[in-house]
Amino acid sequence: MALEASLPKTYDPQAVEKKWYDFWEENGFFSQTVDLGKKPFSIVMPPPNVTGVLHLGHAMDNAQQDVLARFKRMQGYNTLWLPGTDHAGIATEAKVTEQLAREGTSREEIGREGFMERAWAWKREYGGNITGQLRRLGASCDWSRERFTMDEGCSAAVRRVFASLYERGLIYRGNYIINWCSKCLTTISDIEVEHVEKPGHLWHIRYPAADQDVGEGLAGAARGFAGVVVATTRPETMLGDVAVAVHPDDERYQHLIGKHVILPLMNRKIPVIADAYVDSSFGTGAVKITPAHDPNDYDMGLRHGLEQISILDDAGCINESGGPYGGLSGQEARRRVVADLEALGLLEGVEDHDHAVGQCYRCGTVVEPRVSRQWFVRMAPLAEPAMEAVKQGRIEFVPDRFARIYLGWLENIRDWCISRQLWWGHRIPVWYCQECGAEICGVEDPSSCPQCRGARLEQDKDVLDTWFSSALWPFSTMGWPLETEELQQFYPTSVLVTGRDIIFFWVARMIFMGLEFMGDAPFDKVMIHGLILDREGQKMSKTLGNGIDPLEVIDRYGADTLRFMLLTGNTPGNDLRFYAEKLDATRNFLNKIWNASRFGLMHLEDFEPAGGERLSSDCLSLADRWILSRYEGIAEEVTRRLEDFDLGEAGRLLYEFVWNELCDWYIEMAKPRLYGRGVRSGESVAAETTETTGMSESQETGEAAETSESPEAAMGTARTVLYTVLEGSLRLLHPFLPFLTEEIWQHLPHEGETVMLRPWPQPAGFRDEKLEKDMEALIEVIRAIRNIRSDYGVAPSRKIKAALFCADAGVRDLMRGASADIELMAGCDDMTVLDDLANKPEQAAGAALDGIQVFVPLRGLLDLDKERLKIEKELAAAGEEEKRLAGKLKNPGFVNKAPAEVVAGEREKLAAVQKRLELLRQRLLTIDKADILQPVDQG
RNA sequence: GGGCAAUUAGCUCAGUUGGUUAGAGCGCAUGCCUCACAUGCAUGAGGUCGAGGGUUCGAAUCCCCCAUUGCCCACCA
């Protein structure tokens, strides 16, 4: 009593979450030492940005990882979940830069060294935020192994990998066309460019033939000029044009190939070249070629040996190569160029044209393709094995459709631009000798030039793409390049859990780096989840302002509610909508568990958990055996689902089991015994009662036969079963609801320090599918009776008596004590009683179930109109059913080809329906004839 | 231009290899403050499973086509 009284009626997460998290962490329950004798399970956490804040995406991602980690830990695996954070080059640099601006200073002013100091200070100040937030979520990761992508070890791994790839020619430096963000002031890789379809224009511009005088007198006389009309979406880039291209077979332009035209505004003579890349059917069939600012033109420029004229500066403005337009912004230059062309009469037309504009994925600024000298990773040799690993099943995507996305990307992969014009990051480990020009790359900082012995060395100014260090995460965090025992036990990791948005950024790159440097894939499985959407199905984003802060949710509902909500209600890989009603429903579920446990505690205060061996089946009631069977069935199914990474289904199964089966049925059925009222179903009788004739001939005389065991013994058994199922369910729920389950479990009698280290439930042989089917039938019967009660408005306080006729004695036995509001009539299995009731439909309401008939004497409760309506309804339904069945049985296809037992079954059903129709018609008649009804007996 | 997902009750979603009567939560209706829980209990109403073909004795489920929505990829200027 004291225990249950100490628990409030509703679960209060705020009161317990911190307590248990600290308890777990301080006792080292999350930490794992290497033990090569145990089977390993390992996950590396996708490192969140060190300066970031937890959003719902993180919450879901980490909740999923936590479920797996806790599940595997309970299963006895040596489980490592390794956390850490990412230095997030551009994002962090932008934040620090902003901070400097607020202080009235700047990057340039404080210099590289000063900036790095500020960035590290920023990291020290805010880096703990997100890890603290992960703790609030309940993440059971091993914080003693927390890593940071720029810590010493990870940096050493970066150096080693870079040097190795460099030595083998897999990293090279060169002038290529790259993507430039003029706001972030750095290059970005191809996948960091987002293509957004936008309405734009296609301008048709005439480039006059070069043999005509295009001097100063161009204006006003343009109409007379021949030449060629090109179509472009970016007219300002013409300032950097070096050619016009047409398809070699295009008849319209044969006469121009090899000739020259004049580039208007710049008055440059440029050739007309033939290249099969050009699509004759698009635009005018003639393309202006700007090798310095368009990837296709760049390639074509290489093919034809064309000059690259760069016309943009770092800020995206026209540079001195743009002649009179120098200094203008891109936008402004476009306006002026178009206006000037129009004035010259060279603008032949403008049409609307949607086209994809590349934007920086971080800041949304339009990305300009530029030719620039950068560092690249040669992808072809690395991509090949990475594709093989997935094709051969070495790495498995869950759901597997994501494997195709991965493979598709790698098939068409281009070299990876890894240099960034930033300061915050891993500086490229290459030095240039200022004396002889040698390029030096090494794991150690060089002190002098190995070629000329000169000491004037200057390190490359750029840093590496953040994803370069992320790509090494699965092994750099475990100590590579040292041969650590962590690597030995935990690499390859078991599964990577992440969102589909970073398959390219991260997953693919980890795979090829792992294969290259560890000789094995970094993980066996990749579990991909979707995004969190708002209630309308919109992506949550900062710009839309529809984001929800997971910490506010935790404050209000608790971490477990948030977790469970994020983990259930959808299928793997699909997006998940997030809205308040779902949270409420989940909170109610937690409260249900809470109260079921309070009920349990009332009855288990001085209970000794001696173990399951006390549960031998001969002292169990049918209800006991049923719930134990269901519990084991659920445990098995949940285990299977978790092993298949179907967390949503596992959670749903637990929800339904706990609420519907444990709470709504078992606890209700066990109450009489738990309260010492001693009603106990007669399983001993059931064991003897055969299923021979369908109607038991034994003389069951009500409750006398039921109490073959003392109320005390019955209570003891019920308590043991209740404990077994409740405690076991808490263990099954623990991966989903760590805080709630720990809090309850600690109140229950228990062995061990914490539920999180208890063994995962194992089957103990209570599964009995026949019994489960019987119980299902019983539930149907009880529903039918309650339905009758509801239809006739029987007061809830009044017990309802029912007669139950069924072929199966087991079901009838289950019925005893199954429901507090229903009891079986004495002698109700007597055939004569059945006939009697069936023949007096005005005195009894009935329901026919599969092989079972139920009657409830009405005892004067009959409401004639209601009954009549109901029968009419039933008649209509039965009529329909008869039509359907009769039609089916007339179908020769069905009769001849379906299995004989199916056909026979249908025939039986038809017969039953016809019989029922007849019965209903008679009852209707009787009712119509009845004047006043006499109660059957006095209840 | 390709590819992927989704389309099932008023809303949000399940539905395992084709097989009795298609499920849940929320919402709704009716009745209940029954000694674990009103964040609850009981009962009920509500579905031509996006449209159209096909395979099959039998299709929400397999095949084809179409439509709508969302997402990803793509160097048609």
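Letters A, B, ... mirror the listed sequences (proteins, then strands); counts begin at 1.
The residue A/Thr571 sits close only to the backbone: its heavy atoms come under 4.0 Å of sugar-phosphate atoms, none of a base. Nucleic acid contact class of A/Tyr557 (heavy atoms, under 4.0 Å, all strands): none. The residue A/Tyr11 sits apart from the nucleic acid: no heavy atom pair falls under 4.0 Å. The residue A/Asp664 sits close only to the backbone: its heavy atoms come under 4.0 Å of sugar-phosphate atoms, none of a base. Counting any heavy atom pair closer than 4.0 Å across all strands shown, A/Ala596 reaches a base atom. Heavy atoms of A/Val278 sit under 4.0 angstrom from at least one base atom. Using a 4.0 Å heavy-atom distance criterion, A/Arg783 is classed as a sugar-phosphate-only contact. Residue A/Gly569 is classed as a sugar-phosphate contact, given heavy-atom separations below 4.0 Å to backbone atoms only.
A close approach under 4.0 Å does not occur between any side-chain nitrogen or oxygen of A/Trp594 and OP1 or OP2 of B/rG40. For the OP1/OP2 pair of B/rA77 and a distance below 4.0 Å, the side-chain nitrogens and oxygens of A/His353 include at least one atom meeting the criterion. Taking 4.0 angstrom as the limit, A/Lys539 places a side-chain polar atom (N or O) nearer than this to OP1 or OP2 of B/rC72. Applying the 4.0 Å criterion to OP1 and OP2 of B/rC13, one finds that A/Lys582 has every side-chain N and O outside that range. The side chain of A/Asn588 contributes an N or O atom lying less than 4.0 Å from OP1 or OP2 of B/rG40.
Within the shown strands, B/rG50 is the pairing partner of B/rC66 under the Watson-Crick or G-U definition, both distances less than 3.5 Å. Across all strands shown, nothing is found opposite B/rA45 as a Watson-Crick or G-U wobble partner with both distances under 3.5 Å. Using N1 to N3 plus N6-O4 or O6-N4 for Watson-Crick, or N1-O2 and O6-N3 for G-U wobble, each under 3.5 Å, B/rG18 pairs with nothing. Nucleotide B/rU55 has no partner under the Watson-Crick or G-U criteria, as no pair reaches both atom distances under 3.5 Å. Nucleotide B/rU34 has no partner under the Watson-Crick or G-U criteria, as no pair reaches both atom distances under 3.5 Å. Pairing partner, B/rG1: B/rC73, with both Watson-Crick or wobble hydrogen-bond distances short of 3.5 Å.
Going from the P atom of B/rA22 to that of B/rU16 covers 15 Å, rounded to whole Å.
Nearest nucleotide to the side chain of A/Asn595, out of B/rA42, B/rC37, B/rC13: B/rC37. Each of B/rU39, B/rG40, B/rC13 was ranked by its minimum atom distance to the side chain of A/Arg577; first place goes to B/rC13. When the nucleotides B/rA77, B/rC26, B/rA14 are ranked by their closest atom to the side chain of A/Asp294, B/rA77 comes out on top. Looking at the side chain of A/Trp659, the nearest of the listed nucleotides B/rC37, B/rC41, B/rA77 is B/rC41. Side-chain atoms of A/Asn570 lie closest to B/rC13 of the nucleotides B/rA42, B/rU39, B/rC13. Distances from the side chain of A/Thr233 to the nucleotides B/rU43, B/rA77, B/rC75 place B/rA77 closest. Nearest to the side chain of A/Arg786, among B/rC75, B/rA5, B/rA42, sits B/rA42. In the set B/rA42, B/rA77, B/rC4, the nucleotide with an atom closest to the side chain of A/Phe282 is B/rA77. Of the candidate nucleotides B/rU12, B/rA77, B/rA24, B/rA24 has the atom nearest to the side chain of A/Glu656. Side-chain proximity of A/Thr232 to B/rC41, B/rA77, B/rA14: nearest is B/rA77.
With hydrogens and angles left out, the side-chain atoms of A/Asn179 and A/Asp190 include a donor and acceptor closer than 3.5 Å. Side-chain N/O atoms of A/His304 and A/Asp275 include a donor and acceptor closer than 3.5 Å. For the residue pair A/Tyr176 and A/Asp415, no side-chain donor N or O sits within less than 3.5 Å of a side-chain acceptor on the partner.
Using a 4.5 Å heavy-atom cutoff, the side chains of A/Leu730 and A/Leu748 are in contact. Between A/Tyr298 and A/His293 the shortest side-chain heavy-atom distance does not fall below 4.5 Å.
Between A/Arg641 and A/Glu637 there is a salt bridge, since at least one side-chain N of the basic residue sits less than 4.0 Å from a carboxylate O of the acidic one.
Atom P of nucleotide B/rG3 and atom CD1 of A/Ile503 are separated by 18 Å, given to the nearest angstrom. Straight-line distance from the CG atom of A/Asn412 to the P atom of B/rG2: 16 Å, rounded to whole Å. Separating the CD1 atom of A/Ile191 from the P atom of B/rC73 is a distance of 9 Å, rounded to the nearest angstrom.
Residue A/Lys9 places no side-chain atom within donor-acceptor reach of the base of B/rC37, judged by atom type and a 3.5 Å distance cut-off alone.
You'll find the ring centres of A/His529 and A/Phe645 outside the 6.0 Å limit.
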